[in-house]
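One structure below.
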Amino acid sequence: MKFTPQEMGKLSPNLIILVVVGILVIILLATSVFIVDQTQQAVITRFGKFIDIKGPGLHIKLPFGIDRNYTVNVQTVNTQEFGFRTTRGGSLPAYSSRTDESIMLTGDLNIVDVEWIIQYRINDPRAWIFNVNERTETIRDVSRSVINMLVGDRAIMDVMGVERSAIEDAGQFLMNETFRSYNLGIIVIAVKLQNVTPPRGVQEAFEDVNRAMQDLERLINEGQQIYNEEIPRARGEAERVIQQARGYAAERVNRANGDVARFNSVYAEFQRSPEVTRQRLYYEMIEEVFRNEDGMTIIDRNLSNFIPLMNLGGR
């Protein structure tokens, strides 16, 4: 709405004062009241100097730019990507490689392509606002330096295999130590290696090496399995033979002890009655010799007339 000079002249001073006061009230409210979200904290400055940190809720500050508030999200987990970028141009995310960040030299002088991400959260809004100017660049430079160092201390096959989790844990620790010394106001909560592969030119050769190592591991496992099966069986067989030998030894010793005891008893009887004992031993020997013989009759050799009678009895 526009007023002509004539209409302005007709406006009362009270109305003009009321309008001015209303505008001032609106400006006052707009510059002195602010709201902090549940996931945020607000850093308050007065003439550029830090005053306080406000939590979630409705707050009041000095108006007209005397106090300024800087809200910082302290609950959201932020992510930085290294060696690749993910963008959402359509329904599906687009992936682009950044080899200038991912190509590294390993401890055994091989080249490896490492892609990773870090996840961090702001834990000190005041330090995050005031202590470092190029915060994102600092985070990226420190992260790249740490991962390059850890990869450079290990062989390529370790980086691609068993040392992945160790690199992640050590990377998280070293990054937090560095950011704490910089007083950056963040804490790294995760370091994840995404893809660790050899460069494209030698990838096929490395795949052959991996297959050979897998075959080696398989053969070792098969050999260990056979060992675990055969060694207990051999030990059991050896124990069985040892027990048999011990039983045989005990049997022979007991038999020998029995023969000795029997001989001693016979000898004692022989000393008391030599003729009777000699005759009994003779009969026992003859019985033992001819025990399994059938159709045999033992006679005195002086009984010559007895043979024909036996022949008659046979018919």
Side-chain angles (χ1 to χ4, degrees), residues 77 79-84 86 92-93 95 97-99 101-119 143-177 188-259:
V77 175
T79 301
Q80 290 286 339
E81 300 172 338
F82 298 86
F84 69 101
T86 302
L92 297 177
Y95 174 89
S97 179
R98 294 290 299 273
T99 56
E101 296 177 345
S102 60
I103 296 298
M104 303 179 189
L105 188 66
T106 62
D108 54 356
L109 302 182
N110 284 295
I111 297 176
V112 67
D113 190 349
V114 181
E115 298 175 353
W116 77 99
I117 64 170
I118 69 167
Q119 295 177 332
S143 300
R144 291 180 61 184
S145 175
V146 168
I147 296 299
N148 272 274
M149 180 187 68
L150 294 174
V151 171
D153 290 341
R154 292 165 171 80
I156 185 171
M157 299 310 298
D158 293 337
V159 175
M160 297 175 61
V162 296
E163 289 291 315
R164 287 175 63 106
S165 60
I167 292 174
E168 294 173 347
D169 295 338
Q172 180 180 352
F173 174 78
L174 292 174
M175 290 178 197
N176 280 326
E177 288 293 314
V188 177
I189 59 178
V191 176
K192 297 294 183 183
L193 299 183
Q194 300 296 99
N195 292 321
V196 182
T197 59
R200 294 181 180 179
V202 295
Q203 189 168 0
E204 184 176 353
F206 270 91
E207 290 177 355
D208 292 339
V209 173
N210 286 334
R211 285 193 291 268
M213 293 186 65
Q214 291 174 1
D215 291 340
L216 174 63
E217 187 70 21
R218 178 179 57 81
L219 293 174
I220 291 175
N221 292 335
E222 291 178 355
Q224 186 67 35
Q225 181 180 359
I226 295 175
Y227 173 85
N228 293 335
E229 293 175 355
E230 293 298 328
I231 293 301
R233 183 183 296 117
R235 289 174 178 171
E237 184 66 21
E239 186 66 23
R240 185 182 64 81
V241 173
I242 291 172
Q243 294 299 329
Q244 287 181 346
R246 289 175 178 172
Y248 179 73
E251 179 186 359
R252 294 301 300 269
V253 170
N254 292 334
R255 183 182 301 172
N257 290 332
D259 292 342

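Remember, it's a predicted structure, so these values are computed and weren't measured experimentally.
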Legend entry - Gap between atom CG of Asn254 and atom CG of Asp259 - 0.5 Å precision: 11.0 Å
Inset, instruction - Mind checking the OG-CZ spacing from Ser102 to Arg144? Nearest 0.5 Å is all I need. - result: 9.0 Å
Inset, instruction - Supply the atom-to-atom distance Arg98 CZ to Glu81 CD, rounded to the nearest 0.5 angstrom. - result: 11.0 Å
Legend entry - Partner set under salt bridge (charged side-chain N to carboxylate O under 4.0 Å, His left out) for Arg240, not counting sequence neighbours: Glu237
Inset, instruction - Apply the side chain to side chain contact (heavy atoms under 4.5 Å, CB included) test between Ile167 and each candidate in Leu150, Asp158, Val146; give the one that qualifies. - result: Leu150
Inset, instruction - Answer yes or no: is there a donor N or O on one side and an acceptor on the other, between the side chain of Asp108 and the main chain of Ile156, under 3.5 Å? - result: yes
Legend entry - Contact summary for Val191 and Gly171, nearest pair of heavy atoms: CG2-C, 4.1 Å
Inset, instruction - Locate the shortest heavy-atom distance separating Ile111 from Ile103; write the atom from each residue and the value. - result: CG2-CG2, 3.6 Å
Legend entry - Euclidean distance, Leu216 CG relative to Asn221 CG, rounded to 0.5 Å: 9.5 Å
Inset, instruction - Output yes when a side-chain donor or acceptor of Arg154 lies under 3.5 Å from a complementary backbone atom of Glu163, and no otherwise. - result: no
Inset, instruction - Establish, from distance only, whether the side-chain atoms of Gln224 and Asn228 form a donor-acceptor pair under 3.5 Å. - result: yes
Inset, instruction - Before giving the answer on side-chain contact (heavy atoms from CB on, under 4.5 Å), spell out for Met104 and Ile147 the whole-Å C-alpha distance, their side-chain angles and the decisive distance to 0.1 Å. - result: CA-CA 9 Å; Met104 303 179 189; Ile147 296 299; 3.5 Å; yes
Legend entry - Partners meeting salt bridge (charged side-chain N to carboxylate O under 4.0 Å, His left out) with Arg235 (sequence neighbours left out): none
Inset, instruction - Give a yes or no answer on whether the side chain of Glu168 reaches the backbone of Leu193 with a donor-acceptor pair at less than 3.5 Å. - result: yes
Legend entry - Atom CZ of Arg252 with >12 non-hydrogen neighbours under 6.0 angstrom: no
Inset, instruction - Using the test salt bridge (charged side-chain N to carboxylate O under 4.0 Å, His left out), find all partners of Glu239 that sit at least two apart in sequence or belong to another chain. - result: none
Legend entry - Least distance between heavy atoms, Pro232 atom then Tyr227 atom: CD-O, 3.9 Å
Inset, instruction - Calculate, to the nearest 0.5 Å, the distance between atoms CZ and CG belonging to Phe84 and Asn195 respectively. - result: 8.0 Å
Legend entry - Test log, rule side-chain contact (heavy atoms from CB on, under 4.5 Å), inputs Gln244 and Tyr248: CA-CA 6 Å; Gln244 287 181 346; Tyr248 179 73; over 6 Å; no
Inset, instruction - Kindly give the heavy-atom pair with the smallest separation between Met149 and Leu174, and that separation in Å. - result: CE-CD1, 3.3 Å
Inset, instruction - Identify the heavy atoms of Glu230 and Arg233 that sit nearest to each other, and give their distance. - result: OE2-NH1, 2.7 Å
Legend entry - Donor-acceptor contact present, side-chain Asp113 to main-chain Thr197, <3.5 Å: no
Legend entry - Taking every non-hydrogen atom, the tightest pair across Arg164 and Val159: CG-O, 3.2 Å
Legend entry - Atom pair CG (Asp215) and CD1 (Ile220), whose distance is rounded to the nearest 0.5 Å: 11.0 Å
